[in-house]
Visitor: 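One structure coming up, written as C-alpha cells, with questions to follow.
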Number of protein chains: 2
Amino acid sequence: MAKPTYYNLEKDKQERLIDACIEEFSTYTFSEASINRIIKRAGISRGSFYQYFEDKEDCYMEILGIIAQEKYRIFKDVVQAEAGNVFEAYLNMLRQVKIWMEAQPRYYRIGVLMELDKSNFIQKLTKQNPGMMEYFLSLIRKDQANGIIRSDVDPQLLSDMLIGINQKLLMEHFVNKDYDRMIEASEAVLDLIQKGTMVR
Amino acid sequence: MAKPTYYNLEKDKQERLIDACIEEFSTYTFSEASINRIIKRAGISRGSFYQYFEDKEDCYMEILGIIAQEKYRIFKDVVQAEAGNVFEAYLNMLRQVKIWMEAQPRYYRIGVLMELDKSNFIQKLTKQNPGMMEYFLSLIRKDQANGIIRSDVDPQLLSDMLIGINQKLLMEHFVNKDYDRMIEASEAVLDLIQKGTMVR
DNA sequence: CGCCATTATGACACCCCTGTCATATTCAAT
DNA sequence: ATTGAATATGACAGGGGTGTCATAATGGCG
C-alpha cells in the first residue's frame, strides 16, 4: 500500500502523479515501465517518488486500485438484465466492455499490457481471475436444460470458443478504435455459432 | 547476415553457440534476450560474439533462418492433399503444427515470443506475414460455391473465427504439452461451427 | 520568531545491458 | 622457425534502470 505521504499529497500534485503513472503503465508493460519517465512527466524528484510508494509494484497496485474503483463506478448500475441465454448475456457483457473501452482506453490498455507481461509479479496478479468462464458455463448448462442449445454440445468447449473469439475481436477493434464495428462483428459471430455454417 | 567468421567456426563451437541462442530466444523476448547470458551459456567471450554477428538483430536473423530451414524440412513432404473443404484443410494444417510443436518446441516458443514482442524490429518482421488468412478465405469461397457452406456466411468472419479460436487452443495446449487433446478439441470446435448450437 | 515534523531533492551505489577496441593467441603457410 | 592473417579476449565507454540516504526546504504552531 502507498505510503501516508502519498495520501497527504495536495490534489493537483497527486493527479499529475497518477496521470503520469497511468500514461506510463498504459504504454509500457509493468516490467518495461520506467520510474524515471514517470517522475519526469509528473515533474517530481526521484526521492519524492519513493516517499510516496514503496517501489514500482506498490505504485502499480495503487493504479490498479484506482482502475478497479472506476470500473465499478461504470459497471455497477448497468442493467444486470436477466439474460435470455448465453448469447444475449455475452452481448450484454460486450456492450459494457465497449463503454469501458471508450470511456477509459488507457485503463483498458493497462489490462492488455498486463496479459502480455511475463514477470512473476504480474503473472501472480493475473492468475487471481476465475471469473467469466464459470459464468458462461452455468448459462450454457441452463440453456441446454431449456432446450435452447443442443445437449450434446460441450459447455466447456463453447465457453472457450466464446471467450477465445472475442479476445481476438476485442483486440482487433481496440487498436482500430472501431467499437461499433466490434459489436456488429460479434453479433455476426454469435449468429454463426448458433446456426452453423452448414447448408441445411 | 552473420559475419564470415561465424561460418568458419568449427562445428562443435557453432552448435554450442546456436543452442545457446535458441535457448535464450525461446525463453526471452527479443528485447529481453541478453547477449551476456548467451555467451555465458555458449562459453565464448563477449568479443567473440561480435566477431560472429553484427549485433543482436543479426544473431536473431541467423536463428530465424535455421528455424525456417528446419520448418521447411519437416513441412515439405507433408501431403499437400487436396483438402475437401476449409475444415479439412484446417485440420491438416493443425496436424502439421502438432508435429512441429512436438519436434521443435523451442522453435515454436520463439514464434510465440515474437508475437509478444512490441519492439520495432520484431513488429517489422511479424508484419511480413500475409499468409494463412488469404488461404482460408479462398477455400471458404470455394466451399460456398460448392454448396458446402451457406452463401450468407461472411468469409472474412469465418476465417477470423477459425484463426482466433485456434490461436487460443494452440497456446493452451502448448503450455500443457497436451497435443493430442488439442487435435480432439479442434475437431469438436469445427464440428460445432459446422452444425451450430441450435436445436433443430 | 524559533522549533520540529513533514516533505522534497538529487547525488550516489549498484546492477544489467550493448557494442568497441587494443591486445593476445592461434594456426597455417612459407 | 618465422611471419602474417584469422580469431579470441576482456576491459572499457556509455546508457538505462532501481532504490537509498544525507541534506535541504517547507510549513504549521507555540
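Proteins get letters first, then strands, A, B, ... in listed order; numbering begins at 1 in each.
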Visitor: I'd like to know if the side chain of A/Asp154 and the backbone of B/Ala188 have a donor-acceptor N/O pair within less than 3.5 Å.
Guide: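 Looks like no, no N/O pair under 3.5 Å.
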
Visitor: Would you call B/Ile149 and B/Phe87 a side-chain contact if the rule is heavy atoms closer than 4.5 Å?
Guide: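 A side-chain contact exists here, since the closest heavy-atom pair is under 4.5 Å.
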
Visitor: Rounded to the nearest 0.5 Å, what's the gap from CG on B/Leu192 to CE on A/Met161? Could you check?
Guide: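 Rounded to the nearest 0.5 Å, the CG-CE separation comes to 5.0 Å.
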
Visitor: Taking only heavy atoms on the protein side, list every residue of residues 58-67 of chain B lying under 4.0 Å from any atom of DNA chain C, sorted numerically.
Guide: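 Contacts with DNA chain C under 4.0 Å: none.
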
Visitor: Looking at A/Ser48, I'd like to know whether one of its side-chain N or O atoms comes within less than 4.0 Å of OP1 or OP2 on C/dT9.
Guide: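 It does, given that an N or O in the side chain of A/Ser48 lies less than 4.0 Å from OP1 or OP2 of C/dT9.
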
Visitor: Base, sugar-phosphate alone, or nothing: which one does A/Phe53 contact when heavy atoms must sit under 4.0 Å apart?
Guide: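 Result for A/Phe53 = nothing.
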
Visitor: Expressed as a whole number of angstroms, how long is the span from A/Phe49:CZ to D/dG19:P?
Guide: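 Roughly 8 Å, once rounded to whole Å.
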
Visitor: Can you tell whether the side chains of A/Glu70 and A/Arg73 come within less than 4.0 Å, N to carboxylate O?
Guide: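 A salt bridge is present here (some side-chain N lies under 4.0 Å from a carboxylate O).
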
Visitor: Protein-nucleotides 24-26 of chain D N/O pairs closer than 3.5 Å?
Guide:
none

Visitor: Distance from A/Ile39 atom CD1 to A/Glu24 atom CD, nearest 0.5 Å?
Guide: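 A/Ile39 atom CD1 to A/Glu24 atom CD measures 11.0 Å (nearest 0.5 Å).
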
Visitor: Between C1' on D/dA6 and CD on B/Gln51, what's the gap in Å once rounded to a whole number?
Guide: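 These atoms are roughly 9 Å apart.
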
Visitor: Pull out every residue in residues 2-16 of chain B that has a heavy atom closer than 4.0 Å to any atom of DNA chain D, ordered by number, or say none.
Guide: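 Residues of residues 2-16 of chain B under 4.0 Å from DNA chain D: B/Thr5, B/Asn8, B/Lys13.
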
Visitor: CE of B/Met182 to CG of B/Asp180: how many Å apart, nearest 0.5 Å?
Guide: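 Rounded to the nearest 0.5 Å, the CE-CG separation comes out at 9.0 Å.
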
Visitor: Is there a side chain to side chain donor-acceptor pair (under 3.5 Å) between A/Asp58 and A/Tyr52 once you walk through the steps?
Guide: CA-CA 9 Å; A/Asp58 191 25; A/Tyr52 308 144; over 6 Å; no

Visitor: Could you point out which residue of A/Trp100, A/Tyr179, A/Phe174 forms a ring-ring contact (aromatic ring centres under 6.0 Å, His included) with A/Tyr108?
Guide: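 Considering A/Trp100, A/Tyr179, A/Phe174, a ring-ring contact (aromatic ring centres under 6.0 Å, His included) with A/Tyr108 is found only for A/Phe174.
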
Visitor: Using whole Å, what does the distance between atom C1' of nucleotide C/dT9 and atom NZ of A/Lys40 come to?
Guide: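 Spelled out: NZ on A/Lys40 to C1' on C/dT9 is 17 Å.
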
Visitor: Could you tell me whether B/Arg37 sits above the aromatic face of B/Tyr28, with NZ or CZ closer than 6.0 angstrom to the six-membered ring centre and within 45 degrees of the axis?
Guide: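 Geometry flag: set, cation within 6.0 Å and 45°.
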
Visitor: Taking atom NZ of B/Lys40 as the centre, does the number of heavy atoms from other residues, nucleotides or ligands within less than 6.0 Å exceed 12?
Guide: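 Open: at most 12 neighbouring heavy atoms sit under 6.0 Å from NZ of B/Lys40.
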
Visitor: Write down the protein N/O and nucleotide N/O pairs, taken from nucleotides 14-18 of chain D, whose separation is under 3.5 Å; answer none if there are no such pairs.
Guide:
residue	atom	partner	partner atom	Å
D/dG17	OP1	A/Ser34	OG	3.3
D/dG17	OP2	A/Asn36	ND2	2.6
D/dT18	OP1	A/Ile35	N	3.0
D/dT18	OP2	A/Ile35	N	3.4

Visitor: Hey, what else clusters with A/Leu116 if you join Ile, Leu, Val, Met, Phe, Trp, Tyr whenever side-chain heavy atoms sit under 4.5 Å?
Guide: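 Answer for A/Leu116: A/Leu113, B/Leu113, B/Leu116.
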
Visitor: If you count the non-hydrogen atoms of other residues, nucleotides and ligands that lie under 6.0 Å from CG in A/Asn176, is the total more than 12?
Guide: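 More than 12 within 6.0 Å, yes.
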
Visitor: For the helix from C/dC1-D/dG30 to C/dT30-D/dA1, how many degrees between its two end axes (five pairs per end), to the nearest 10°?
Guide: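 The angle, to the nearest 10 degrees, is 30°.
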
Visitor: What's the shortest heavy-atom distance between A/Lys56 and A/Phe30, and which atoms?
Guide: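 Shortest heavy-atom contact: NZ-O, 2.9 Å.
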
Visitor: Thinking salt bridges, do A/Arg106 and A/Asp19 make one under a 4.0 Å N-O criterion?
Guide: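 Looking at A/Asp19 together with A/Arg106, the answer is yes, because their closest N to O distance falls below 4.0 Å.
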
Visitor: Does any non-hydrogen side-chain atom of B/Leu158 lie less than 4.5 Å from one of B/Phe136?
Guide: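 Counting from C-beta outward, B/Phe136 and B/Leu158 never come under 4.5 Å.
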
Visitor: Taking atom CG of A/Asn146 and atom CZ of A/Arg141, what is their separation to the nearest 0.5 Å?
Guide: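 Taking CG in A/Asn146 and CZ in A/Arg141, the distance rounds to 14.0 Å.
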
Visitor: With a 4.0 Å cutoff (strictly under), does any side-chain N or O of B/Tyr52 reach OP1 or OP2 of D/dA8?
Guide: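 So the side-chain polar atoms of B/Tyr52 do come within 4.0 Å of the phosphate oxygens OP1 or OP2 of D/dA8, strictly under.
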
